[in-house]
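Model, not experiment: these values are computed from the prediction. Below, chains carry the letters A, B, ... as their sequence lines are ordered, and counting in each starts from 1.
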There are 4 protein chains.
Amino acid sequence: MGLENYRRSVSDAKCAAILKAGRDNFLRDGYSRAAVAEIARDADVSTATLYKHFTSKEELFAAVVKDAYLVGEYEGIPENVSVEDLLVNVILRYLHSQYERQINALLRIVIAEVPSAPQLGRDMFENFVTTRYRDLASILDRLVARGLLKQQDTQYAVRLLGGIVKEYFVWPALFEANKTLPADTEAIVRQAVRDYVLLYGA
Amino acid sequence: MGLENYRRSVSDAKCAAILKAGRDNFLRDGYSRAAVAEIARDADVSTATLYKHFTSKEELFAAVVKDAYLVGEYEGIPENVSVEDLLVNVILRYLHSQYERQINALLRIVIAEVPSAPQLGRDMFENFVTTRYRDLASILDRLVARGLLKQQDTQYAVRLLGGIVKEYFVWPALFEANKTLPADTEAIVRQAVRDYVLLYGA
Amino acid sequence: MGLENYRRSVSDAKCAAILKAGRDNFLRDGYSRAAVAEIARDADVSTATLYKHFTSKEELFAAVVKDAYLVGEYEGIPENVSVEDLLVNVILRYLHSQYERQINALLRIVIAEVPSAPQLGRDMFENFVTTRYRDLASILDRLVARGLLKQQDTQYAVRLLGGIVKEYFVWPALFEANKTLPADTEAIVRQAVRDYVLLYGA
Amino acid sequence: MGLENYRRSVSDAKCAAILKAGRDNFLRDGYSRAAVAEIARDADVSTATLYKHFTSKEELFAAVVKDAYLVGEYEGIPENVSVEDLLVNVILRYLHSQYERQINALLRIVIAEVPSAPQLGRDMFENFVTTRYRDLASILDRLVARGLLKQQDTQYAVRLLGGIVKEYFVWPALFEANKTLPADTEAIVRQAVRDYVLLYGA
DNA sequence: CATGAATGAGTATTCATTCAT
DNA sequence: AATGAATGAATACTCATTCAT
């Protein structure tokens, strides 16, 4: 079994190297301009090896995107904080993760490929929008249950919050490469949360 | 001058034909996949003529994008309507214009090209986001002046409204080709405006 | 019209050069091994130009094959010769044409591609077998009409003659590259014709 | 010796599996398009093992072809039948063997490879043409010796028969994949033999 | 002895751009 | 001024063969 394990580990390492090189290249050049040969070269692998692991450029890109989903987030909700602080905290964690992992740049490319790879668009929407909204809605539901927020349509409430957050932090990042979170991020988030609490707070 | 005028008008007609063919091709195939030769063919022009008018594919695309800015919108603000109705009306006009002119599909392509054509991204952001927000803010300012809305930071108010509208009507359209405005568009817009008026109404 | 004519003549010349280079390469290397890039280079043309003229390697090959059909043959039948001499003469003309134009080598390649390009096989069979047999049958029919041959099934008679001729002169050429007509060709053909006349002569 | 025998038998089995898989692949895809990796997979062997048995794709193909020679044919000549029936019988056995064993498809591939593998062409010609003709000639010789046929050049006679048989049953099969023996095969063979007997019968 | 991962050289085809006419 | 033929560089993908384990 030593041989098999050895092979698997080598293979996994190459696969990871390809994914990383692919990610870098796609982020830098976009999907169409990124060259499979260069990705292979950057990963210190022959193109043929790359094609052993991923049967096409498209599949490699899909794998790169899927790879971005994998990081788990915000398990517990801390007690003893105000509703406002809690929501600000949750949203800031979203945002930092989004920026650190360069999800915005990835979004750009996926959006560009929506007409030719619709499934990829749907998947990414599901994973980066719908799922997060589900998580946030469940938090709001619990706060409602605890009497800390009014009865409300949490589906809509989530989108209200999400809308203003995207407005400030995602939308501009789509139109400018290498955007970083602005200095007044927390202030803006806090303002948005405050409005929300004004409307829907207990 | 007759000959010169004739020549100019022919030239302008060709230019318009190229822009239209370019628009169609870019919208259908995206930037990279769209072929200059096909655009020229669709415009009934030789490739050389196309290159006389636009020095590169990139410039042609930029011109196509700029062309989309040109359509004027919502001149007058009707009097004698409630603040709510007025805002709903204005927003719906934005949305219909956005969908009818396929701005979402164009946005997709511009977004994709942001890393390689940053100026284009900035321009489009300026023209489709900032400008509109300025218009809307001036409307809000006037409403504040008339005492129909509270004193407020209209810059922020506009983005609150814009965020929720994009959340529902632009964001999903980026991730799905050929999306049309949903049937309950007006209801959603009205709900958003109602929330806004609750917070900032006089 | 000078420009147009000039362009056409240049274009035709290039087309001919490509066909010739294609023919040479296919004959030397077979279909699969022949490289489009090398054909283009031999024809002093870029690959893109080659693809303007022929939309694919397969189409180029088909054109090369079709080109081989184009040479017209044996219009008149001389009078005042014996039936035997006449037939020997006709058959020898077939054979020389077949060898000079390297039809055998072309046949080899077409045969190889029959599973993947069945239409090409059918076309070549039609043009190099069926058509010739029709010509020869019409000759035999006229000889029968003149009373120089017995009443007979000329369809079958033609295939009897064709079979023996292929047996000696085509079949071996399929299995050996650059085969030339053997020295005793005429003697063998004469023997075959003699047998035929023994069976079917008046 | 038990272990050695076991090993040899395993090795032989693998070799046979490779040959069979090779045959199937070459027949299906032709020489160039057939992929060594797929042959190995079909044979349940690693590519390295395949290369242990056959040092190159070309050699494997040669072995596949040689394998087709190995089936023995028509040992005894029945007595007490007419010359005509005897010859018809012999020829039909040739033909059925040729079609059942897909020799025509194999011929196609060998013919295609003649320029690059001339020896293979010569071998196949020797084994599928010359050898058979020798067998048939020896039968004719015996018939002449028994006084059932005239004195004759049996070399030539054999090719007369062979020519007409190929004309009807091999030649068309080269130009059409998956051809089967036509329904009137026996009638045609009988007609050919009858002509031959007319010419050369006692 | 057997493996299968890895390779490098090669393939057909495309496209933005130029230039002789 | 307008053409459209021509190009050269690039691209995704394949495959016979080898070699470390």
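Between A/Arg28 and A/Asp24, none of the side-chain N atoms (NZ, or NE/NH1/NH2) sits under 4.0 Å from a carboxylate O, so this pair counts as no salt bridge. Using a 4.0 Å cut-off between charged side-chain N and carboxylate O, D/Arg23 and D/Asp67 make no salt bridge.
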What string of B, S and - do you get for nucleotides 9-14 of chain F, 5' to 3', if B is base contact, S is sugar-phosphate-only contact and - is no contact with any protein heavy atom under 4.0 Å? B-SSBB
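No side-chain N or O of D/Glu59 forms a donor-acceptor pair with one of D/Ser56 less than 3.5 Å apart.
Taking 4.0 angstrom as the limit, D/Ser46 places none of its side-chain polar atoms (N or O) nearer than this to OP1 or OP2 of E/dA2. OP1 or OP2 of E/dA6 lies within a sub-4.0 Å distance of a side-chain N or O belonging to A/Lys14.
When both pairing distances are held under 3.5 Å, E/dT21 makes a Watson-Crick or G-U pair with F/dA2.
For C/Thr49 and A/Asp44, each mapped to the nucleotide of DNA chain E holding its nearest heavy atom, the one lying further toward the 5' end belongs to A/Asp44.
Scanning residues 17-27 of chain A for heavy-atom distances under 4.0 Å to DNA chain E yields an empty list.
Rounded to whole angstrom, the span from the CZ atom of C/Phe54 across to the P atom of F/dA5 amounts to 14 Å.
Counting non-hydrogen atoms under 4.0 angstrom, B/His53 reaches nothing in the nucleic acid.
Under a cutoff of 6.0 Å and an axis angle of 45°, B/Lys57 and B/Tyr31 form a cation-pi pair.
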